[in-house]
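Mind having a look at this structure? Questions to follow.
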Amino acid sequence: MSFDWPLALAGLAIVPLALAAYLIVQRRRKRYALRFTNLDLLANVVTESPRWRRHLPPALTLLALASLVVAIARPHVRIDVPKERATVMLTTDVSGSMQATDVQPDRLTAARDAAKTFSERLPKEFRLGLVSFNQQSQLVVPPVEDRGLVQQGLDGLSAGGGTAMGDALENSLTTLRELAKSQAAGGQQKRNPPAVVVLLSDGKNTGGADPLQVAREAKKLGIPINTVALGTDQGTVQVTDPEGFLRTIPVPPDRDTLKQISRITQGRFFEAKDAGKLDAIYDRLGSRIGYATEKRELTAAFAGGGLGLLLVGGTLSLLWFGRLP
């Protein structure tokens, strides 16, 4: 919780001062009562002691005072609220380098698990699609609200082949354009729905369209591409050469290209060197894409609570003692 006028909280000092004054008054009352020496007569006159009831109205009044002081400071909190309906395209690398085990248990498994968490983090009203790519790009799941279909598509991914990153981005953009056209034709949207691409890759583009050129197309469409570079510079995979011998090939992620893609499209770049970091990135992306932080003012709640406490305290005091506290 934060406050627009935090200096007003200094007024809370009134509460302990008022409490101290009340305690002093109560002690003086006790001293005055002890001066009445005929205790038998006093017992006959006062048949019942109010005990806790005597202190309840003043206590409610002090709480009301504190609540009203906080209201003057204009308290507010920031909460996450779902954004308007949008479409997200998960574009995931499944090239042979995704078999590297520098990210435990391996890059592809870590990417799959993090993507599932990401899908659950998005608001249910969002459409989520899945594109995979190695030397070819494939639309695995078109944009749907059914998270089960997306998770089934993720479970079916397997690693192998090259890296056609540009083709995958082009496939994602084409899918988003076609969805926007179909919605416009059906009268579902008066304008293009918000859309975003989340690209995860661990290697350099090895064929197909130039990913930077496709990024410029995305910028014209107003579609940001958030990129995630998965893996470390120490990542390696073993491949069989034409002579049948196993060779160890280094497969560091192409951070520079992914940074440029995100910069061109005004997206965000992330680097994940382990599964925990990747989970955190996907969780952050889900929060960033699916929710907006809004400021909710609590002034009315505190003011209403303070007035309510004053009303209750005053009513009880009038009913029990015939006077205000």
Side-chain angles (χ1 to χ4, degrees), residues 80-94 115-116 118-133 136-154 156-157 164-201 205 208-228 257-258 260-270 281-282 284-294:
D80 289 338
V81 296
K83 291 181 180 179
E84 61 181 314
R85 184 169 180 164
T87 303
V88 181
M89 291 300 301
L90 275 174
T91 308
T92 301
D93 192 340
V94 293
K116 288 182 179 180
F118 172 79
S119 70
E120 295 168 355
R121 182 71 174 85
L122 288 177
K124 295 180 180 179
E125 297 79 10
F126 275 44
R127 288 187 174 91
L128 182 61
L130 175 63
V131 167
S132 67
F133 65 97
Q136 294 181 334
S137 171
Q138 178 185 3
L139 177 62
V140 180
V141 181
V144 292
E145 295 178 5
D146 187 346
R147 299 294 187 261
L149 291 177
V150 176
Q151 296 196 5
Q152 288 177 19
L154 289 167
L157 299 180
M165 188 188 304
D167 287 351
L169 290 176
E170 208 164 51
N171 194 350
S172 297
L173 294 183
T174 299
T175 301
L176 291 172
R177 278 194 297 256
E178 291 177 352
L179 176 63
K181 289 179 181 178
S182 65
Q183 289 179 328
Q188 299 180 37
Q189 295 280 349
K190 295 182 179 179
R191 60 181 177 83
N192 289 339
V196 64
V197 174
V198 177
L199 169 66
L200 179 140
S201 182
N205 188 66
D210 180 0
L212 298 183
Q213 183 58 42
V214 181
R216 296 183 185 97
E217 295 177 19
K219 180 181 179 181
K220 293 178 183 178
L221 295 171
I223 299 176
I225 301 175
N226 296 293
T227 59
V228 181
T257 299
L258 294 173
Q260 291 184 64
I261 291 172
S262 61
R263 190 191 70 239
I264 291 171
T265 62
Q266 297 182 339
R268 296 287 298 275
F269 167 78
F270 301 92
I281 289 171
Y282 268 56
R284 183 178 175 185
L285 277 171
S287 177
R288 178 181 175 84
I289 294 171
Y291 295 83
T293 302
E294 288 190 359

Task: Derivation of the side chain to side chain contact (heavy atoms under 4.5 Å, CB included) call for E178 and K181 - done: CA-CA 5 Å; E178 291 177 352; K181 289 179 181 178; 5.6 Å; no
TODO: Just jot down the side chain to side chain contact (heavy atoms under 4.5 Å, CB included) partners of A115, sequence neighbours excluded, or say none.
DONE: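 Listed in chain order: L90, L154, Y282.
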- [ ] Enter the distance from L169:CG to I225:CD1 here, rounded to the nearest 0.5 Å.
- [x]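 Reported value, rounded in 0.5 Å steps: 4.5 Å.
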- [ ] May I have all residue pairs that pass side chain to side chain donor-acceptor pair (under 3.5 Å) and include part of residues 143-152, sequence neighbours excluded?
- [x]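 Every side chain to side chain donor-acceptor pair (under 3.5 Å) pair that includes a residue of residues 143-152, provided the two are not neighbours, is R85-E145, S119-Q151, E120-Q151.
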Task: Value rounded to 0.5 Å, distance of CG in L157 from CZ in F133 - done: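 Output value for this atom pair is 11.0 Å.
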Open item on the list: Would you compute the distance between atom CD1 of I264 and atom CZ of R216 and round it to the nearest 0.5 angstrom?
Closed with: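 Answer rounded to 0.5 Å: 4.5 Å.
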TODO: Using side chain to side chain donor-acceptor pair (under 3.5 Å) as the criterion, list what pairs up with N171, not counting sequence neighbours.
DONE: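 For N171, the residues satisfying side chain to side chain donor-acceptor pair (under 3.5 Å) (neighbours in sequence not counted) are S137.
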- [ ] Over all heavy atoms of both residues, which pair between A168 and V131 is shortest? Give the atoms and the distance, please.
- [x]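 For A168 versus V131, the nearest heavy atoms are O-CG1, 4.0 Å.
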Task: Under 3.5 Å donor-acceptor, N226 side chain and G267 backbone - done: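 It does not hold such a pair.
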Open item on the list: Measuring from atom CG of L139 to atom OG1 of T175, what distance do you get when rounded to the nearest 0.5 angstrom?
Closed with: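 Atom-to-atom, L139:CG and T175:OG1 are 4.5 Å apart.
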Task: Validation row: E217, K220 side chains within 4.5 angstrom (heavy atoms) - done: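 No - every pair of side-chain heavy atoms lies 4.5 Å or more apart.
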- [ ] Please list, chain by chain and in numerical order, all residues satisfying side chain to side chain donor-acceptor pair (under 3.5 Å) with K116, sequence neighbours excluded.
- [x]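 Partners of K116 under the side chain to side chain donor-acceptor pair (under 3.5 Å) test: D155.
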TODO: Determine the minimum heavy-atom distance between V228 and L258, stating which atoms define it.
DONE: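 Nearest pair, atom of V228 first, then L258: O-CD1, 3.8 Å.
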Task: Test side chain to side chain contact (heavy atoms under 4.5 Å, CB included) applied to N205 - qualifying residues, sequence neighbours left out - done: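 Scan of N205 (side chain to side chain contact (heavy atoms under 4.5 Å, CB included), adjacent residues dropped) gives M165, P211.
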Task: For the student: nearest non-hydrogen atoms of S201 and D93, plus distance - done: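 Looking at all heavy atoms of both residues, the shortest contact is OG-OD2, 2.9 Å.
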Task: V196 vs L285, side chain to side chain contact (heavy atoms under 4.5 Å, CB included): CA-CA, chis, key distance, verdict - done: CA-CA 11 Å; V196 64; L285 277 171; over 6 Å; no
Task: Separation of L199 CG from F270 CZ (nearest 0.5 Å) - done: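 The CZ atom of F270 sits 12.5 Å away from the CG atom of L199.
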Open item on the list: Can you give me the closest heavy-atom contact between F118 and V198, atom names plus distance?
Closed with: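 For F118 and V198, the tightest heavy-atom pair comes out as CZ-CG2, 4.1 Å.
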- [ ] State, to 0.1 Å, how close L179 and R127 come at their nearest heavy-atom pair, and which atoms those are.
- [x]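 For L179 and R127, the tightest heavy-atom pair comes out as CD2-CD, 4.0 Å.
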TODO: Would you indicate whether the side-chain heavy atoms of L176 and V197 approach each other to under 4.5 Å?
DONE: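 Yes; the side chains approach each other to less than 4.5 Å.
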Open item on the list: Can you give me the closest heavy-atom contact between L130 and G153, atom names plus distance?
Closed with: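 Nearest heavy atoms, L130 then G153: CD2-C, 3.7 Å.
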TODO: Apply side chain to side chain donor-acceptor pair (under 3.5 Å) to T265 and list each qualifying residue two or more places apart in sequence or on a separate chain.
DONE: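 With neighbours one apart ignored, the set is empty.
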